[in-house]
Amino acid sequence: MKIYVCVTQAVETRIDLDINNNRILQVGGEIFHPIDRSDRSALDEALQIKNEHKNAEVIVISLSSNDTNIQLSTSLKLGADKAVLLKCKSKFMDSHSTAYILSQYFKRTKADLILCGGSTSDWNGGQIAPILAQLLDWPQITSALKIKINTKDNKIIAHRKLKRGARQILECSMPTVIAVDKNIIQPRYISFHNQIRKTYETKIEIEEIETKKIESNIKLDVVEIGRRKPRIKKIAAPSKNLSVAEKMKFLMSGGITKQKNNDIHKGEGKEVVHKIVEFLEKEKILKNETEEV
């Protein structure tokens with residue numbers, strides 16, 4: 001059983017916009033991840049499946065415009081068996097062009113399961129897995145939190161994450177494409193023995209991709225990035241028992257936050273205590289002993 005895991009690097013950078021809403025990357029404060037966090041979860045899940053099924057083989061695959069393969073070497077150190085680097089000279093690749101290049105590779109290569117991260121840390125698109133499954137005409141499962149493989153029936157049972165903590169259990173036949181949730185498994189650590197080994201580069205298979213194939217399949221173009229919506233200041237909602245005029249007065253006064261200052265009692269100690277007791281008796285928090293029961 002061959003399990004392919006799509007991995008990529010990730011650089012988290014603060015995005016600022018100029019007057020014309022053009023994308024500007026802030027120079028400072030970048031966080032570099034050798035493997036994207038979602039892709040790392042997919043890799044750890046593949047390695048977990050490998051521990052359960054002895055005949056499983058984990059192969060990582062990545063697209064890159066340069067010779068940098070830190071994501072592949074790190075994956076091999078974590079326990080992957082093989083690595084494939086699809087090298088292309090194009091600097092810009094959208095989700096469709098990336099999925100197209102991957103689909104062309106998988107059409108001529110046998111794969112039983114393809115695992116992808118739910119979404120990357122930079123753009124948070126989450127489109128690679130659905131587009132790849134569509135191009136391959138394979139079933140797909142997204143937001144997977146648990147994966148079980150039945151080798152006898154050649155089927156996969158996956159638990160999907162829904163809103164408000166709900167779960168959905170799906171079953172499909174292999175081959176299939178699964179986009180995992182980043183919380184599917186706890187990340188594992190690289191052992192010291194694997195860190196000092198120097199033979200990882202020999203396991204990386206490099207394949208050149210023509211730039212024309214990528215440029216002809218670019219379907220998406222970033223036109224504009226909107227600014228964050230301002231947060232609305234929360235105010236206390238008026239009571240339903242108030243009249244329309246009282247509700248308008250309540251809202252125009254700023255709610256409870258501004259009315260608190262009006263309830264401050266000033267004066268000598270006895271006068272303040274007397275006013276507080278009257279208020280508590282009025283609200284029926286304290287009971288006047290002189291009242292008849």
Which distance, rounded to the nearest 0.5 Å, do you find between the [atom1] of [X] and the [atom2] of [Y]?
X	Y	atom1	atom2	result
Glu205	Leu72	CD	CG	11.0 Å
Arg40	Leu78	CZ	CG	4.5 Å
Lys146	Arg167	NZ	CZ	11.0 Å
Asp81	Ser75	CG	OG	11.5 Å
Ser97	Leu63	OG	CG	8.5 Å
Ile101	Ile61	CD1	CD1	10.5 Å

Is there a path of hydrophobic side-chain contacts, each under 4.5 Å between heavy atoms of I, L, V, M, F, W or Y residues, that connects [X] with [Y]?
X	Y	value
Ile149	Leu145	no
Ile157	Leu162	no
Val273	Ile276	no

Any donor-acceptor N/O pair, [X] side chain to [Y] backbone, under 3.5 Å:
X	Y	value
Asp112	Lys2	yes
Asp36	Thr8	no
Thr74	Gln71	no

Whether over 12 other heavy atoms sit under 6.0 Å from [X] [atom1]:
X	atom1	value
His53	NE2	yes
Asn51	CG	yes
Lys50	NZ	yes
Lys148	NZ	no
Arg164	CZ	no
Gln134	CD	no

Only one of Thr176, Val177, Leu170 passes side-chain contact (heavy atoms from CB on, under 4.5 Å) with Pro139, and that residue is Thr176
- Message: Just to verify, which of Val180, Leu113, Ile59, Val58 counts as forming a side-chain contact (heavy atoms from CB on, under 4.5 Å) with Val5?
- Response: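 When side-chain contact (heavy atoms from CB on, under 4.5 Å) is applied between Val5 and each of Val180, Leu113, Ile59, Val58, only Val58 qualifies.
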Under a 4.0 Å threshold between the charged nitrogen and the carboxylate oxygen, would Glu57 count as salt-bridged to Lys82? yes
For [X] versus [Y], what's the shortest heavy-atom pair and its separation?
X	Y	result
Ala144	Ile184	O-CD1, 3.5 Å
Ile141	Ala158	CD1-CB, 3.7 Å
Leu132	Ala99	CD1-O, 3.6 Å
Pro130	Gln140	CA-OE1, 3.2 Å
Gly118	Ala179	CA-CB, 4.3 Å
Leu136	Trp138	O-CD1, 3.1 Å

_Would you say that Ile114 contacts Pro175 through its side chain, given a criterion of any heavy-atom pair below 4.5 Å between the two side chains?_
no
Next item on the list: Kindly indicate whether the side chain of Ile204, heavy atoms from C-beta on, has any atom under 4.5 Å from the side chain of Leu76.
Entry: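 Ile204 reaches Leu76 side chain to side chain.
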Judged by modelled atom types alone, do Asp44 and Ser41 share a side-chain donor-acceptor pair under 3.5 Å?
no
ring-ring contact (aromatic ring centres under 6.0 Å, His included) filter on Phe106, not counting sequence neighbours, yields Tyr4
